[in-house]
Number of protein chains: 2
Amino acid sequence: MAASVQLALEQLKMNGVRMTPQRHAILSYLMDSKSHPTADEIYKALSPAFPSMSVATIYNNLRLFVEAGLVRELTYGDDSSRFDADLSDHYHAICKSCGQIVDFGYPPLLEVEKAASKETGFTVQGHRMEIYGLCSSCNTTAK
Amino acid sequence: MAASVQLALEQLKMNGVRMTPQRHAILSYLMDSKSHPTADEIYKALSPAFPSMSVATIYNNLRLFVEAGLVRELTYGDDSSRFDADLSDHYHAICKSCGQIVDFGYPPLLEVEKAASKETGFTVQGHRMEIYGLCSSCNTTAK
DNA sequence: ACGTACAATAGTAATAACTACTATGAAGAA
DNA sequence: TTCTTCATAGTAGTTATTACTATTGTACGT
């Protein structure tokens, strides 16, 4: 885990991006976390270690990571963006009750991309797919 | 088209929802439009006919329609929500350059829902899928 | 090690989408 | 027509995110 953070930062350094403690902390947190945190959650999580860190720094770095292709931004419905540093092929299942996001694997939907390209004339670059429902714990708790 | 607006409003009336000119106009506009407008676009489009209409009214009614299942809310990335009154089974292709949203048909991805349910333990209620890329006109214009 | 250049940070102000609130006005039943 | 109640307009408030600027810190060259 920590190794790939180093690797990612090396890769950034090539483009004139400097390595700062804050940047390192944000990326590490994202890569270690499986919970697809929001900017605010990252802010709160790192506040103890960086009491003077600004929210703007979080946003700046998240945007940087997204532009560098190290992190993916998820815009799920009503509230704030979530961020995912897991670049492997996977999709998300989102609980409508508790908001939890769970990863699941499935072969990429290339068929759909092809069909869409044919029907719309688009040059397809990618797609996004999510499953909505109730997670197992919400399912047993709620009626 | 106009007939189904009437039908929809009849259906709403059963739940104590009144039929107002503004409400009618918003729903008609949505049902006639194929462009998946934002709240602000609807506001601007109806302003000539309803110069005194409030943005709050737009949002109130959109929420009402969404809760009644007459309209679907699309949260595409950075900017504001878009709304779609086409309830038939279809997906969206979104141009990364101009932001245009084009409908395309494809059989519902029930296989994925089943697989996700099996892997995550979710009770699946639905899914969302979009294709991202360049529309045909942006593709020829841009390099 | 030291100095320098320039990117990054902190802090705050600004923006934008959306929601909450309240007094007035209109739908629709009796 | 009259009354009840929901809807609207207008505005103030909230929240996520961005813009801006002075200061700080990184990393490269020496």
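In the text below, chain A, chain B and the rest are named by the order of the sequence lines, each starting its count at 1.
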- prompt: If you check the B:Arg23 side chain, which of D:dA9, D:dA7, C:dA10 turns out closest?
  reply: D:dA7
task: Round to the nearest Å and state the distance from A:Phe65 atom CZ to C:dA8 atom C1'.
output: 12 Å
message: I need the CD-C1' distance between B:Gln22 and D:dG10, as an integer number of Å.
response: 14 Å
task: Provide, to the nearest angstrom, the distance between the CZ atom belonging to A:Phe50 and the P atom belonging to C:dG11.
output: 14 Å
task: Find the distance A:Leu62:CG to D:dT17:P and express it as a whole number of Å.
output: 9 Å
message: Whether B:Ser52 contacts D:dA9 is assessed here as follows: a side-chain N or O lying under 4.0 Å from the phosphate OP1 or OP2. Is that the case?
response: yes
- prompt: What string of B, S and - do you get for nucleotides 14-30 of chain C, 5' to 3', when a contact is any protein heavy atom under 4.0 Å?
  reply: ---SSBB-----BBS--
query: Residues two or more places apart in sequence or in another chain: which of them pass ring pair (Phe, Tyr, Trp, His ring centres under 6.0 Å) with B:Tyr59?
result: none
message: Expressed as a whole number of angstroms, how long is the span from A:Leu12:CG to D:dT26:C1'?
response: 15 Å
- request: Quick one: list whatever passes side-chain contact (heavy atoms from CB on, under 4.5 Å) with A:Ala68, sequence neighbours left out.
  value: A:Leu12, A:Leu70
- line: Between A:Gly133 and B:Phe122 the two heavy atoms that sit nearest each other are C-CD2, 4.0 Å
- line: note: A:Leu9, atom CG; C:dA8, atom P; distance rounded to Å ~ 12 Å
task: Grab the NE2-C1' distance between A:His24 and D:dG25 for me, whole Å please.
output: 17 Å
- prompt: Atom OH of A:Tyr43 and atom C1' of D:dA16: how far apart are they, to the nearest Å?
  reply: 14 Å
field: Closest contact, heavy atoms only, A:Phe83 versus A:Glu73
entry: CE2-CG, 3.8 Å
- line: Closest to the 5' end of DNA chain C, once A:Pro51 and A:Leu64 are matched to their nearest nucleotides, is A:Leu64
Check residues 42-58 of chain B and write down every donor-acceptor pair under 3.5 Å in which the side-chain atom is one partner and the other belongs to a residue at least two apart or another chain.
unit_1	atom_1	unit_2	atom_2	d
B:Lys44	NZ	B:Asp40	OD2	2.4
B:Ser47	OG	B:Tyr43	O	2.8
B:Ser54	OG	B:Ala56	N	3.1

statement: Hits for ring pair (Phe, Tyr, Trp, His ring centres under 6.0 Å) against A:His92, two or more places apart or cross-chain, chain-then-number order -> A:His36, A:His90
- prompt: For A:Ser28, what residues pass the side chain to side chain donor-acceptor pair (under 3.5 Å) criterion, not counting sequence neighbours?
  reply: A:His24
